[in-house]
Amino acid sequence: MINNRQAKREAKQLFRLCRINSSIDEDRVRQVVKQVMISGRRNAHAILAQFLRLVRLDHDQHTAKVESAMPLSAELQATTRASLIHMYGPGLAFSFVDRPSLIGGMRIQIGSDVYDGTVQSELAALEKRF
Amino acid sequence: MATLLQEIEANITGLKVAPARQNVGIIRETGDGVAKVEGLTDAMLNEMLDMGHGVTGLALNLEETEVGVIVLGDYTQLAEGDEVRTTGKLLQVPVGKGLLGRAVNMLGEPVDGKGPIDSRVTYPVEKVAPGILRRQSVNQPVQTGIMPIDAMIPIGRGQRELIIGDRSTGKTTICIDTIINQARLNRAAEAAGD
């Protein structure tokens, strides 16, 4: 437990070192991973697991995952990009995914924030109300 | 009629429903009635969380990247990777006279099979108590139904009471007897139309 806590703390410190102006520097991340691996520390695996988790969370927070039932037109994609950049600021990466199971509408996830306007979620909400 | 239909159709065409922003997290680990949820950046302390499968959770341990949740329900239905949503509501339970004589779980849901509780008012479980000066003075006793207690050391309604004693001296019995006596008094009051 103590080792786990220590690994968490150290991973957080390493993660902070990799940040430049609130975004992570990929070169520094690679360098940190390499250094921890060659350090031969006993809890290197735990530190790297925590570090990976922090990097993944940061990546998720700066990536907008746009899911739709049908492929979006280039115009709609551009409008969506512009709206999200207006809301969340520049530096946002985009990933457009087709998911026919959504039936219709669009679902956007950025980190913990979800904007769900899909028919699937509406039906699920309706089912819950009954 | 045709104009009315056209009007409705036009209204439907112009209808724009903006999807509300939700805050979600993913269960990272679960077991023994607790869960660690990654994400949920907007979760409040003591907020009720929708964990899916009709299970509610209580956000208790807010950390930088995850939230420690107490599962108020069947935790065996939850699995790693399940989505958890904030509800925006702090832990609250239904209150009112409809609750009298009912057996409920920690969320105020009935567990006695007597149907739903007739209560439209909810009250937060955790609330800052009013100061001493704002409180109403104690002017009514709680009838425990145990004559020596009610006669010699009466308990005031709204007071806290500590029951201490050795093992098997009847501490729990006093509490149960008080509950039974209060139920009897409530039934009598209800019968009298109070």
Side-chain angles (χ1 to χ4, degrees), chain A residues 1 4-5 7-9 11-16 19 24 49-69 79-80 83-84 86-88 102 104-130, chain B residues 12-32 34-45 47-57 59 61-69 73 77-78 80-89 107 109 116:
Chain A
M1 183 64 94
N4 198 14
R5 244 182 259 159
K8 256 187 186 177
R9 201 167 43 241
K12 203 187 282 182
Q13 283 171 352
L14 290 171
F15 179 73
R16 281 194 194 127
R19 296 191 81 164
I24 52 168
Q50 288 295 335
F51 184 71
L52 173 71
R53 196 176 136 251
L54 293 174
V55 172
R56 184 171 49 76
L57 285 171
D58 188 83
H59 176 261
D60 288 349
Q61 269 171 8
H62 291 95
T63 305
K65 189 180 173 192
V66 184
E67 295 174 307
S68 57
T79 315
T80 310
S83 305
L84 291 175
H86 177 70
M87 284 168 70
Y88 287 87
L102 297 178
M106 202 189 278
R107 184 183 194 273
I108 301 170
Q109 178 158 10
I110 303 162
S112 298
D113 294 347
V114 172
Y115 301 88
D116 198 341
T118 60
V119 176
Q120 189 195 37
S121 73
E122 293 291 328
L123 288 173
L126 199 64
E127 189 188 7
K128 208 174 170 185
R129 238 174 279 158
F130 281 119
Chain B
I12 291 170
T13 314
L15 183 70
K16 280 185 180 173
V17 183
R21 177 171 162 272
Q22 296 174 319
N23 199 250
V24 299
I26 301 290
I27 296 179
R28 200 162 63 82
E29 56 183 76
T30 176
D32 294 337
V34 293
K36 289 256 182 193
V37 180
E38 211 169 65
L40 287 181
T41 47
D42 289 354
M44 300 180 281
L45 184 67
E47 183 176 355
M48 291 199 288
L49 305 172
D50 175 13
M51 306 192 81
H53 312 286
V55 179
T56 302
N61 193 19
L62 306 181
E63 290 177 27
E64 201 174 340
T65 56
E66 64 187 17
V67 176
V69 177
Q77 292 189 30
L78 307 176
E80 282 177 35
D82 282 358
E83 236 174 42
V84 179
R85 289 162 201 279
T86 54
T87 60
K89 286 188 283 188
L107 291 169
E109 294 163 347

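Chain identifiers are assigned alphabetically (A, B, ...) following the order of the sequence lines, protein sequences preceding nucleic acid strands; residue numbering begins at 1 within each chain.
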**Message:** Could you measure the distance from the CG atom of A:Asp60 to the CD atom of B:Glu38? Nearest 0.5 Å is fine.
**Reply:** 8.0 Å

**Item:** Test side-chain hydrogen bond (donor to acceptor under 3.5 Å, both in side chains) applied to B:Arg21 - qualifying residues, sequence neighbours left out
**Value:** A:Asp113, B:Asp42

**Item:** CG-CD distance between A:Leu57 and B:Glu66, expressed to the nearest 0.5 angstrom
**Value:** 9.0 Å

**Item:** Under-4.0 Å salt bridge between B:Glu83 and A:Arg107
**Value:** yes

**Asked** Residue by residue, which of residues 47-55 of chain B have a heavy atom closer than 4.5 Å to a heavy atom belonging to chain A?
**Response** B:Asp50

**Request:** Give a yes or no on this: more than 12 heavy atoms of other residues, nucleotides or ligands lie within 6.0 Å of atom CD of B:Glu64.
**Result:** no

**Request:** Let me know if A:Ile108 has heavy atoms under 4.5 Å from chain B in its side chain, its backbone, both or neither.
**Result:** neither

**Euclidean distance, A:Gln50 CD relative to B:Thr65 OG1, rounded to 0.5 Å** = 7.5 Å

**Request:** Could you point out which residue of B:Val37, B:Ile26, B:Thr41 forms a side-chain contact (heavy atoms from CB on, under 4.5 Å) with A:Ser112?
**Result:** B:Thr41

